[in-house]
Amino acid sequence: MPIEYTGCRLCKSPKIQMRMDFGTTAFANNYLEDETEHEPTAPLRVFQCENCGSVQLKDTVSPLILFQNYLYESSTSAAFRNHFKEYAEHIKDLFNLRRGDLVVDIGSNDGIFLKPLKELGFRVFGIEPAKNLAAKAEKQGLLTYTCFFNKQEAEVARKVHGPARVIACNNCFAHIDDLDEIVESVKLLLHPDGVFVFENAYLLDTIENLYFDQFYHEHIFYHSLRPLVQFFKSHGMDVFRFERNRIQGGSFRCFVGFKGKHSIDLSVMNSWINEKDSAIYTSEGFRIFTYKVNKLREKTLKFLSQVKSGGKTVCAFGAPAKFTTFSHVFDITKDLIDFVIDDSPAKQGLFTPGNHLPIVSSSWLYDKKPDYCLITAWNFADSIMENHKKYKEQGGRFVIPMPELKIV
Ligand SMILES: [Zn+2]
């Protein structure tokens, strides 16, 4: 059973406002082996803290259920591999890191970030609770501890490896219920002049670009700058740099250090002002967001119903975690989509959570020749269309659903 929160996980204020209720949904990464399998579900409700502005899920599903056998492998995507290579070079330059410096990655997945860091000459290790992913990293010679990160693990790691110059935590700072524990553990392992950096989808981009499919159980938090500054301050730390990039449809990179150890970059103030001018801390902002999502839903359903009633075939490209919320909100059923293509071999042969569509390889684009291909991994739309030019040349049409329905 999920744990229901009645207050803010960051500042502990009991004053929260419900912003969105998606009803009850399946777990985004719970791919099924059997189409007829009965799967667990939980409520997906979103609130905002009236005190610090943090946006969070009301209900936490146990990480033991969500993460033990995690099929999402970061390194499947070439775009992602390049992103992390550049990221590694960026932090090296930014903080004048030297060969042999210790860099730690929390939630290291299959070692996508550890690999380029190690190639730059740093000592590295990862922490990854999913056994299947940790094993993949280990196979490449990337030291990975299979556990959840906590104070005890941090203390042991410091004794064995010494203090870390950089601790990273990418795309999982939103997944962890108890961020107090994480930050206190980071402080135990971090060098006094060290940097804690985490990259995450940015609430501002999620709201402005209608990325409603970012909301699913694994994402407990929808982070933005203002609540984070207050949160880290309460732990004796400063947010000293805040960058934005286009990965995952819009992410931020937040740099944090011990209080007074780093000069505060102008990017923090600029982003603060930018957030102030947006509607992300108002009920009106979420009301408009919901209204626009509903409009997009109507348009997409109308399009899919029309082409299906005309006897056409439609497939989806991409069964990422967000596909579960996408299908749930848009009522995407077997009547509308024939099959889902995904490049991850681990997902092929399984069924999508919620609507139980079969997941197949991209060879089906050419064997089955569907008339339309709805790109549900919209953040990789450019590379998918580039890799499958042949499908279009053979008369197939790509459809991009977000942030606006577009037939290419
Ligand atoms: Zn709060």
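Values reported hereafter were calculated over all heavy atoms of this structure, with side chains retained and with hydrogens, waters and symmetry mates removed. Start at 1 with the first residue, then count along the sequence. First listed ligand is number 1; within each ligand, the first listed atom is number 1.
- With sequence neighbours excluded, no residue forms a side-chain hydrogen bond (donor to acceptor under 3.5 Å, both in side chains) with S271.
- In this structure, a donor-acceptor pair under 3.5 Å is absent between the side chains of T282 and E284.
- Protein-derived N/O/S atoms nearer than 2.8 Å to the Zn ion (ligand 1) total 4, waters excluded.
- With hydrogens and angles left out, the side-chain atoms of N200 and Q248 include no donor and acceptor closer than 3.5 Å.
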Item to check | Residue pair F289, F212: steps toward the ring-ring contact (aromatic ring centres under 6.0 Å, His included) verdict | outcome: CA-CA 8 Å; F289 176 79; F212 67 91; 7.5 Å; no
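- Here Y5 contributes atom OH and T60 contributes atom OG1; the two are 4.5 Å apart, rounded to the nearest 0.5 Å.
- E86 CD to I91 CD1: the interatomic distance, rounded to the nearest 0.5 Å, is 13.0 Å.
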